[in-house]
There are 2 protein chains.
Amino acid sequence: MSNKRKKLDPRVVRTRQMLRNALIELIGEKGYDSISVQDITQRATLNRATFYLHYRDKEDLLNQSIKDILTELVKGMKKSRLIDENITDSNGNVIRPLSDLVYVFEHVAQHEQFYKVMLGNKGQQRFLFRLLDVFVDVLNERLTHSMSNDIRPAIPKEILIQYAASAYLGVIAWWLRNDLPYTPEYMATQLTRLRVQHIQT
Amino acid sequence: MSNKRKKLDPRVVRTRQMLRNALIELIGEKGYDSISVQDITQRATLNRATFYLHYRDKEDLLNQSIKDILTELVKGMKKSRLIDENITDSNGNVIRPLSDLVYVFEHVAQHEQFYKVMLGNKGQQRFLFRLLDVFVDVLNERLTHSMSNDIRPAIPKEILIQYAASAYLGVIAWWLRNDLPYTPEYMATQLTRLRVQHIQT
DNA sequence: ATTATAATCAACAATGTGTTGATTAACAAA
DNA sequence: TTTGTTAATCAACACATTGTTGATTATAAT
């Protein structure tokens, strides 16, 4: 996560981890709004004053957590994308999923609780939109790389990207709501299939 | 909106409307979380006690507003959908948009401030998901009506629906963020085009 | 004009906030 | 193991927000 010039007191690490876990738990239970700093420290079995030693308020705590998770996601996707080719066979059928999409689902599965809460009914919309931005960026890169055969009537690129990025997000949220009923590979394959129908790889 | 057995004191109507407007304004300004009942009544130039005469808390106030808007949306979409045929020409090209989609964009434009706030960064995720459900329901109806030519490899219907519904939602949110750069008809046409690429009308 | 009810106002206990200063506990390095 | 450093605890603080109350004023309907 965050390297602050080599030194990091284990007590600090422990405390922050406990606060974050407590926050996520509580958001899932009663929603972000009705949580007090008291609630968080109580759940984390820490003194309330300790909280203010690390974070300005619960807002601050949440933002830190979001930042860490998304940094990991972006890094992982970039790494996965290096090994991407041969998505379709000679008939244009999808034979394997885009590897960065697979990574996304694996990453989400690994942080299931966090994503379940944040992409659920009681989550924070800020996170949802920041995640959307990650997908938008990725799609933007892909689309600028491959603007070849334009057969279909022109749909503004921006709309196309928003369409697809939101669709990804929605499918992921559905996957979480249903307790990950399919494997990451399977999910990524479905999205890849839907993708090639309106975006030329 | 809501007809409560004919009688509705004009003072009540006025008060509730002022409270709702104040809430939406404030959500857009500083986010739902940091709003106090005091803030709301102050903005609405009403006494704080008056608030509790109408709503249990700010949660309650928000839920009422959401309910009213979505009821109007669903009703309008149902009405529009009665006049739906001849979407594509003989070549399969989209010549006009699905009429209920046009209505959606018109409705959103009419309540621009509300949707801008609720589908923006500081909005409430609850609303987003309830709106998503509206789209899911519509798509579900459509898909059960027309399960004909299955050429492509099977993608679970539920995934397909979540994909499309989320995509709609995302495009609408984008449209709002960019201050409605296209007409409702144009937007609906784009979505209709994207639709026919993976869902057979 | 009279009756009903909505809105105002001041006051209330209860809860949460953010901060402080003093104390105890845990860490890292010699 | 001892020692200096820093993290965590605890009690206490002034302050803001909450939800409710009872009495009063203002507005609507007949």
Side-chain angles (χ1 to χ4, degrees), chain A residues 1-65 68 117 122 124 126, chain B residues 1-66 68 122 124 126:
Chain A
M1 317 306 175
S2 52
N3 294 336
K4 271 191 177 177
R5 271 156 218 167
K6 284 186 178 178
K7 39 178 171 180
L8 225 328
D9 196 310
R11 285 171 294 180
V12 173
V13 177
R14 174 186 148 86
T15 296
R16 293 191 181 161
Q17 197 53 58
M18 288 173 87
L19 288 173
R20 288 183 186 199
N21 290 342
L23 177 67
I24 299 304
E25 275 182 37
L26 288 168
I27 292 178
E29 287 174 21
K30 40 187 262 180
Y32 178 79
D33 311 327
S34 53
I35 295 174
S36 65
V37 174
Q38 276 194 357
D39 291 335
I40 299 171
T41 54
Q42 197 169 324
R43 173 67 58 105
T45 56
L46 290 170
N47 191 279
R48 195 165 61 87
T50 306
F51 180 95
Y52 293 103
L53 249 43
H54 296 274
Y55 304 101
R56 218 180 55 260
D57 47 27
K58 63 171 176 168
E59 190 80 359
D60 190 28
L61 169 58
L62 180 63
N63 284 334
Q64 301 273 348
S65 311
D68 285 358
V117 168
K122 297 178 178 171
Q124 282 296 97
R126 255 171 317 168
Chain B
M1 317 301 177
S2 52
N3 293 335
K4 271 192 178 178
R5 272 157 216 167
K6 283 186 178 179
K7 40 179 169 180
L8 226 325
D9 196 310
R11 287 170 293 178
V12 173
V13 176
R14 173 186 150 87
T15 295
R16 293 192 180 160
Q17 196 53 56
M18 289 174 86
L19 288 173
R20 289 184 185 196
N21 291 341
L23 177 67
I24 298 303
E25 277 182 35
L26 288 168
I27 292 179
E29 287 173 22
K30 41 187 258 179
Y32 179 79
D33 310 328
S34 52
I35 296 174
S36 65
V37 174
Q38 275 193 356
D39 292 335
I40 299 171
T41 54
Q42 197 168 323
R43 173 66 59 104
T45 56
L46 290 170
N47 192 279
R48 195 165 61 86
T50 307
F51 179 95
Y52 294 103
L53 248 44
H54 296 274
Y55 303 102
R56 216 181 57 259
D57 47 28
K58 63 170 175 169
E59 189 81 0
D60 191 27
L61 169 57
L62 180 62
N63 285 333
Q64 300 275 346
S65 311
I66 289 178
D68 284 357
K122 297 178 179 170
Q124 282 297 95
R126 254 172 315 169

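Naming: A, B, ... by sequence-line order, numbering from 1 per chain. Atoms considered below: every heavy atom in the structure, side chains included; atoms not considered: hydrogens, waters and symmetry mates.
- Among residue pairs with one or both ends in residues 23-47 of chain B, those qualifying as salt bridge (charged side-chain N to carboxylate O under 4.0 Å, His left out) are B:E25-B:R43, B:E29-B:R43, B:K30-B:D39; sequence neighbours excluded.
- Evaluation of the side-chain hydrogen bond (donor to acceptor under 3.5 Å, both in side chains) rule for A:R11 yields A:D9 as partners, not counting sequence neighbours.
- Whole-Å rounding puts the A:F51 CZ to D:dA7 P distance at 17 Å.
- If you check residues 36-44 of chain B against DNA chain D, the residues with a heavy atom closer than 4.0 Å are B:S36, B:V37, B:Q38, listed by number.
- Per the geometry, CZ belonging to A:R56 stands 10 Å off P belonging to C:dT19, to the nearest Å.
- For the pair A:M18 CE and D:dA8 P, the computed distance is 10 Å after rounding to whole Å.
- Separating the CG atom of B:L53 from the P atom of D:dT21 is a distance of 11 Å, rounded to the nearest angstrom.
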Donor-acceptor contacts, no H, no angles, side chain residues 46-54 of chain B, under 3.5 Å, sequence neighbours left out:
unit_1 : atom_1 : unit_2 : atom_2 : d
B:N47  : OD1    : B:A49  : N      : 2.9
B:T50  : OG1    : B:N47  : O      : 3.3
B:H54  : ND1    : B:R16  : NE     : 3.1

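- B:R56 meets the salt bridge (charged side-chain N to carboxylate O under 4.0 Å, His left out) test with no other residue; sequence neighbours excluded.
- Legend: residues meeting side-chain hydrogen bond (donor to acceptor under 3.5 Å, both in side chains) with A:S34, ordered by chain and number and at least two apart, are absent.
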Which pairs, protein N/O on one side and nucleotides 22-28 of chain C N/O on the other, fall under 3.5 Å?
unit_1 : atom_1 : unit_2 : atom_2 : d
C:dA26 : N3     : A:R11  : NH1    : 3.2

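- Relative to the axis of its first five pairs, the axis of the last five pairs of the helix from C:dT19-D:dA12 to C:dA30-D:dT1 sits at 30°, rounded to 10 degrees.
- Taken to the nearest 0.5 Å, the CG atom of A:L62 stands 6.5 Å off from the CD1 atom of A:I24.
- If you measure from atom CZ of B:R16 to atom P of C:dA7, you get 9 Å, rounded to the nearest angstrom.
- With sequence neighbours excluded, no residue satisfies side-chain hydrogen bond (donor to acceptor under 3.5 Å, both in side chains) with A:D60.
- Annotation: side-chain hydrogen bond (donor to acceptor under 3.5 Å, both in side chains) contacts of A:E59 (sequence neighbours excluded): A:Y32, A:R126.
- Closest to the side chain of B:N47, out of D:dA8, C:dA6, C:dC9, is C:dC9.
- The shortest distance between the side-chain N/O atoms of A:Y52 and the OP1/OP2 oxygens of C:dG18 is below 4.0 Å.
- Within the structure, every side-chain polar atom (N or O) of B:H54 is placed at least 4.0 Å from both OP1 and OP2 of C:dA6.
- For the pair A:R14 CZ and D:dT9 P, the interatomic distance rounds to 9 Å; values are reported in whole Å.
- Nucleotide C:dT19 holds its P atom 16 Å from the OH atom of A:Y55, rounded to whole Å.
- The listed nucleotides are C:dG18, C:dA7, D:dT21; the one nearest the side chain of A:R48 is C:dG18.
- Among the nucleotides D:dC10, D:dA8, C:dA10, the one closest to any side-chain atom of B:A49 is C:dA10.
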